[in-house]
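A note on names: the letters A, B, ... follow the listed sequences, proteins ahead of strands, and every chain is numbered from 1. What you see below is based on every heavy atom in this structure, not just the backbone, and it leaves out hydrogens, waters and symmetry mates.
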Protein chains: 2
Amino acid sequence: MAIPKLTAKGTSVANKERVDTRVERTRTTVLAHTYDLLVQDGFSGVSIDEIARRSGVAKTTIYRHWPTRTRLLLDACSKLGVNLEIPTQGTFETDLRQVLTDVAQRLENAGWAKVLPSIMDASERDPDVAKVQTLLQTIWAAPVVRIVEDAVARGEIRPGTDADVVAAEALGPLYYRRWFSRQHIDPALLDRIVTNLCRSLTDAR
Amino acid sequence: MAIPKLTAKGTSVANKERVDTRVERTRTTVLAHTYDLLVQDGFSGVSIDEIARRSGVAKTTIYRHWPTRTRLLLDACSKLGVNLEIPTQGTFETDLRQVLTDVAQRLENAGWAKVLPSIMDASERDPDVAKVQTLLQTIWAAPVVRIVEDAVARGEIRPGTDADVVAAEALGPLYYRRWFSRQHIDPALLDRIVTNLCRSLTDAR
DNA sequence: GAGCTACGCGACGGTAGCGTAGCGTTAAAT
DNA sequence: ATTTAACGCTACGCTACCGTCGCGTAGCTC
C-alpha cells in the first residue's frame with residue numbers, strides 16, 4: 001500500500017528519494033479537486049467518483065494513493081490550516097482589532113467558512129475527524145493566542161491570562177454571527193468586543 | 001394527498017374535526033423516531049428506510065404523510081425549539097448568569113448540541129433549512145434577548161442596547177467552546193462573560 | 001355493523017456510492 | 001533503450017437510499 005511511503009515522505013524531509021513525477025502530480029491534482037468539492041458540498045457531500053470525474057484521475061488510481069474515502073478527506077482538510085499572519089507591531093488593542101477584522105473578513109468570503117459546519121458535524125461522530133478539527137481550530141485561533149501571550153510578556157495585560165479563554169471571547173461572537181444567528185458582523189459588535197476585552201484585561205480588576 | 005389536510009389541522013386550531021386515531025399515532029411515532037435518528041446521526045444521516053425499520057411504520061405510510069424526506073426532517077427539527085424558561089426575578093447580572101449556566105449545561109447534555117452542526121451544514125446549501133435554523137436560533141437566544149430588554153426597561157443597563165449583539169457576546173463564547181475548540185466550558189469563562197457584559201452595559205461608558 | 005380509509009407488505013425502477021479486479025497502455029527512471 | 005512502475009479503462013458486486021405502485025387487510029368512524 002502506498003500510504004506509508006507517502007506519509008513518510010510528507011513528514012520526513014530527510015527522505016531524499018526522488019518521487020515519481022506521476023505520483024506527485026496525481027496527489028496534488030486529486031487533493032486540489034477534493035478541496036474544491038469539499039468547499040462546495042461539505043464533508044459528507046464529497047464522493048470519490050465525483051473527484052475522479054472532475055480531476056480526470058481514474059478512481060482506481062485514487063484508491064492506489066488513499067486507502068479510503070475518509071483518509072482522503074482528512075488529507076484535504078489539512079489544506080484548510082493556512083498560516084495566518086500575526087500582527088505583533090502595535091499595542092494589544094490594535095493587534096487584536098486587526099486580527100478580528102481579518103477573521104470577520106474571512107468568515108464572509110473564505111471557503112472554510114462553508115466547510116466548517118460539515119466538519120463539526122462529522123466530528124460529532126468520528127473521533128479522527130474531531131482530532132483534525134481540534135487541530136485546525138488551534139491553528140485558526142493561533143493569532144489571538146499569540147498576541148495575548150505577547151501582550152502578557154510585555155506586561156501590557158494581566159499576567160496569568162488564559163489565552164484560550166480570550167480566544168473564545170473574541171472569536172466566539174464572530175462565529176456565532178456567521179453560523180448560528182446568520183447575521184452580518186456589525187462593525188459595532190467588533191468594536192465592543194475589542195474594547196471590552198482590553199478593559200477587562202488591563203484593569204487591575 | 002393527505003398533506004393539505006394535516007397542515008390545515010396543524011395550523012388552524014379552530015378546526016375541530018376529529019382526527020383519525022391511526023393518523024395521530026402514525027404522525028407522533030414517526031416524528032419521535034425521526035427525532036431520535038436526527039440526534040444520533042445528524043441531518044444528513046437520517047433515511048426514511050431506517051425510520052420505517054425502527055418505528056414499525058411502513059415506508060409507504062410515511063410517504064402518505066410527508067411528501068419528501070426533507071419535509072419530514074424539517075418537521076422533526078421543530079421539536080428542537082423547546083421553550084426555555086426565562087428568569088425575570090433578579091438583577092440583570094443574576095438573570096444572565098442563570099441563563100448562561102443553563103445553556104452551558106444543555107450544551108453538554110441535550111440532543112440538539114449533537115444535531116446543530118448538521119443543521120448548520122445543511123443550511124449552507126439549502127435555504128429552507130437555513131430558514132428553520134434561523135428560527136430555532138431565535139428561540140434559543142430568546143432568554144438572553146428578553147432579559148436584556150427587561151433590564152433596559154428597568155433602566156438597569158444602557159438604553160439602546162442591541163440585544164442581538166449581547167446574545168452574540170454571551171452565547172458565542174459558549175458555543176465556541178462546545179463546537180469549535182471542543183474544550184470544556186470553564187466556570188471561570190462563564191464568570192468573565194457575565195462580569196464583562198455587566199460592566200460594559202452599565203457603565204456610562 | 002357497514003363503509004370508509006389508513007395501513008402493511010412486497011416489490012419495483014432508478015440512482016449513487018464504495019471499494020476491487022484484471023488487463024492493456026504509457027511514461028518516468030536509469 | 002530497456003525496464004519498471006504508475007496509470008486509465010471497463011466492469012463488477014455490494015449496499016443503501018429515494019419515491020412509487022397495487023393489493024389485501026385491519027381498524028376507526030358514524
Side-chain angles (χ1 to χ4, degrees), chain A residues 1-6 9 15-31 33-34 37-38 40-76 118 122 125-126, chain B residues 1-9 15-31 33-34 37-38 40-76 118 122 125-126:
Chain A
M1 188 174 295
I3 301 306
K5 191 202 294 181
L6 296 168
K9 182 214 124 208
N15 197 339
K16 281 286 183 184
E17 289 177 16
R18 284 209 55 78
V19 177
D20 196 319
T21 317
R22 296 167 289 180
V23 172
E24 194 57 34
R25 192 186 27 183
T26 297
R27 280 183 52 83
T28 56
T29 321
V30 170
L31 275 180
H33 282 88
T34 304
L37 258 174
L38 192 58
Q40 182 184 328
D41 296 334
F43 198 90
S44 64
V46 179
S47 74
I48 303 287
D49 289 271
E50 184 61 22
I51 296 170
R53 235 165 288 154
R54 292 203 186 184
S55 66
V57 176
K59 190 164 69 155
T60 38
T61 303
I62 298 178
Y63 276 104
R64 285 184 185 112
H65 288 276
W66 290 272
T68 175
R69 173 183 165 277
T70 308
R71 280 289 186 78
L72 171 54
L73 265 289
L74 289 179
D75 222 353
S118 68
R125 280 155 216 98
D126 187 332
Chain B
M1 189 175 294
I3 301 306
K5 192 201 295 181
L6 295 169
T7 308
K9 181 216 124 208
N15 198 337
K16 281 287 183 183
E17 288 178 17
R18 284 208 56 77
V19 177
D20 197 320
T21 315
R22 295 168 290 180
V23 172
E24 194 57 35
R25 191 186 27 170
T26 296
R27 280 183 54 83
T28 55
T29 24
V30 169
L31 274 180
H33 282 89
T34 304
L37 258 174
L38 192 59
Q40 181 186 328
D41 296 335
F43 197 90
S44 64
V46 179
S47 74
I48 302 287
D49 290 271
E50 183 61 20
I51 296 170
R53 233 166 290 154
R54 292 203 187 185
S55 66
V57 176
K59 191 165 67 155
T60 38
T61 303
I62 298 178
Y63 276 105
R64 283 183 187 113
H65 288 275
W66 289 272
T68 175
R69 172 181 165 279
T70 309
R71 280 290 185 78
L72 172 55
L73 265 290
L74 289 180
D75 221 354
S118 69
R125 281 155 213 99
D126 186 332

Student: Ignoring hydrogens, what is the shortest heavy-atom contact between B/Phe43 and B/Ala122? Give both atom names and the distance.
Tutor: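 Shortest heavy-atom contact: CD2-CB, 3.9 Å.
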
Student: With the side chain counted from C-beta on, respond yes when B/Leu37 and B/Arg54 share a heavy-atom pair under 4.5 Å apart, and no when they do not.
Tutor: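 When only atoms from C-beta onward are counted, B/Arg54 and B/Leu37 do touch, with a gap below 4.5 Å.
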
Student: Tell me which residues in residues 52-59 of chain B lie within less than 4.0 Å of DNA chain C, going by non-hydrogen atoms.
Tutor: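 Listed by number, they are B/Gly56, B/Val57, B/Ala58.
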
Student: Not counting sequence neighbours, which residues clear salt bridge (Lys or Arg N to Asp or Glu O under 4.0 Å) with B/Asp49? List them please.
Tutor: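 Checked B/Asp49 against salt bridge (Lys or Arg N to Asp or Glu O under 4.0 Å); matches are B/Lys59.
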
Student: In degrees, rounded to 10°, what is the bend between the two ends of the helix from C/dG1-D/dC30 to C/dT30-D/dA1, using five pairs at each?
Tutor: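 End-to-end axis angle for the helix from C/dG1-D/dC30 to C/dT30-D/dA1: 40°, rounded to 10°.
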
Student: Just N and O in the side chain of B/His65: are any of them under 4.0 Å from OP1 or OP2 of C/dA6?
Tutor: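 Result: no.
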
Student: Need one value for A/Thr26: base, sugar-phosphate or nothing, where a base atom within 4.0 Å counts as base even if backbone is also close, heavy atoms only.
Tutor: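 A/Thr26: backbone/sugar contact only, no base atoms under 4.0 Å.
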
Student: Could you check B/Leu72, B/Thr34, B/Ile48 and say which one makes a side chain to side chain contact (heavy atoms under 4.5 Å, CB included) with B/Trp66?
Tutor: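 Only one option passes, and that is B/Leu72.
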
Student: Thinking salt bridges, do A/Glu24 and A/Arg27 make one under a 4.0 Å N-O criterion?
Tutor: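 Looking at A/Glu24 and A/Arg27, the cut-off is not met.
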
Student: Look at all strands and tell whether A/Arg69 reaches a base, only sugar-phosphate, or nothing, counting heavy atoms closer than 4.0 Å.
Tutor: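 Sugar-phosphate only.
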
Student: What is the distance, rounded to the nearest whole Å, between atom CG of B/Asp49 and atom C1' of D/dT20?
Tutor: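 Checked: the CG to C1' distance equals 13 Å.
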
Student: Starting from the 5' end of DNA chain C, give me the residue, B/Ile62 or A/Thr21, whose nearest nucleotide shows up first.
Tutor: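 Looking at the nearest nucleotide for each, B/Ile62 comes out on the 5' side.
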
Student: Whole-Å distance between C/dG17 P and A/Leu72 CG?
Tutor: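 A/Leu72 atom CG is separated from C/dG17 atom P by 14 Å.
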
Student: With sugar-phosphate meaning primed atoms plus P, OP1 and OP2, does A/Asp20 contact a base, only sugar-phosphate, or nothing at under 4.0 Å between heavy atoms?
Tutor: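 Sugar-phosphate contact only - A/Asp20 comes under 4.0 Å of backbone atoms but never of a base.
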
